[in-house]
Amino acid sequence: MIPRILIKPFQEVLRRFNLDPTEVIHIGDSIISDVSGAQNAGIRAIWLNRLNKTKPEGITPDYICKDLFEVRECFEQFITRISKAVFVKIVVFKKIVLKMVK
């Protein structure tokens, strides 16, 4: 069970920006607070595992990336899988800017 405190920030962002969880993908380096917190709020999660940590049992990120180049590829896959009629807002809680990897 994920503590409510880890889910609340995600729910608050969804509420404040009037977002549906399907419109959001979260990137984080903490498998517990980032990945589990996001997923328990219904948000897809990318685990940025730069240190090649072992994935604990019971938590399955939607994507696992070792660097920002792989994160960029995940975003491209995410965007191509959705309907073109859907406007996707991507909320990133960390200071990751895709322009850095261009």
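A quick note: this is a predicted structure, and the numbers were derived from the prediction, not measured.
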Value rounded to 0.5 Å, distance of [atom1] in [X] from [atom2] in [Y]:
X: C74; Y: R44; atom1: SG; atom2: CZ; value: 11.5 Å
X: K55; Y: I31; atom1: NZ; atom2: CD1; value: 7.0 Å
X: N18; Y: E23; atom1: CG; atom2: CD; value: 8.0 Å
X: I59; Y: N40; atom1: CD1; atom2: CG; value: 9.0 Å
X: K66; Y: L51; atom1: NZ; atom2: CG; value: 13.5 Å
X: R72; Y: D67; atom1: CZ; atom2: CG; value: 11.5 Å

- Message: For I27, run the side-chain contact (heavy atoms from CB on, under 4.5 Å) check against Y63, W47, F75 and tell me which one passes.
- Response: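 Among the candidates, only F75 passes.
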
#### Entry: Qualifying residue for side-chain contact (heavy atoms from CB on, under 4.5 Å) with I43, from I7, I25, L14
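Only one option passes, and that is L14.
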
Heavy-atom nearest pair, A45 first then A38, reads CB-CB, 4.2 Å

For a quick test of reading the model, state the closest non-hydrogen atom pair linking Q39 to D62 and the distance between them.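 Heavy-atom minimum between the residues: NE2-OD2, 3.1 Å.
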
Strictly below 4.0 Å, N to O, side chains only: are E12 and R16 in salt-bridge contact?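 The answer is yes: the pair qualifies as a salt bridge.
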
- So, do H26 and I46 sit near enough that their side-chain heavy atoms are less than 4.5 Å apart?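 A side-chain contact is absent here, since even the closest heavy-atom pair is not under 4.5 Å.
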
| Can you tell if the side chain of V71 reaches within under 4.5 Å of the side chain of L48, non-hydrogen atoms only? |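 Sidechains of L48 and V71: in contact.
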
Exercise. Given side chain to side chain contact (heavy atoms under 4.5 Å, CB included), test L68 with R50 step by step and report yes or no.
Key: CA-CA 9 Å; L68 293 177; R50 292 178 175 158; 3.7 Å; yes

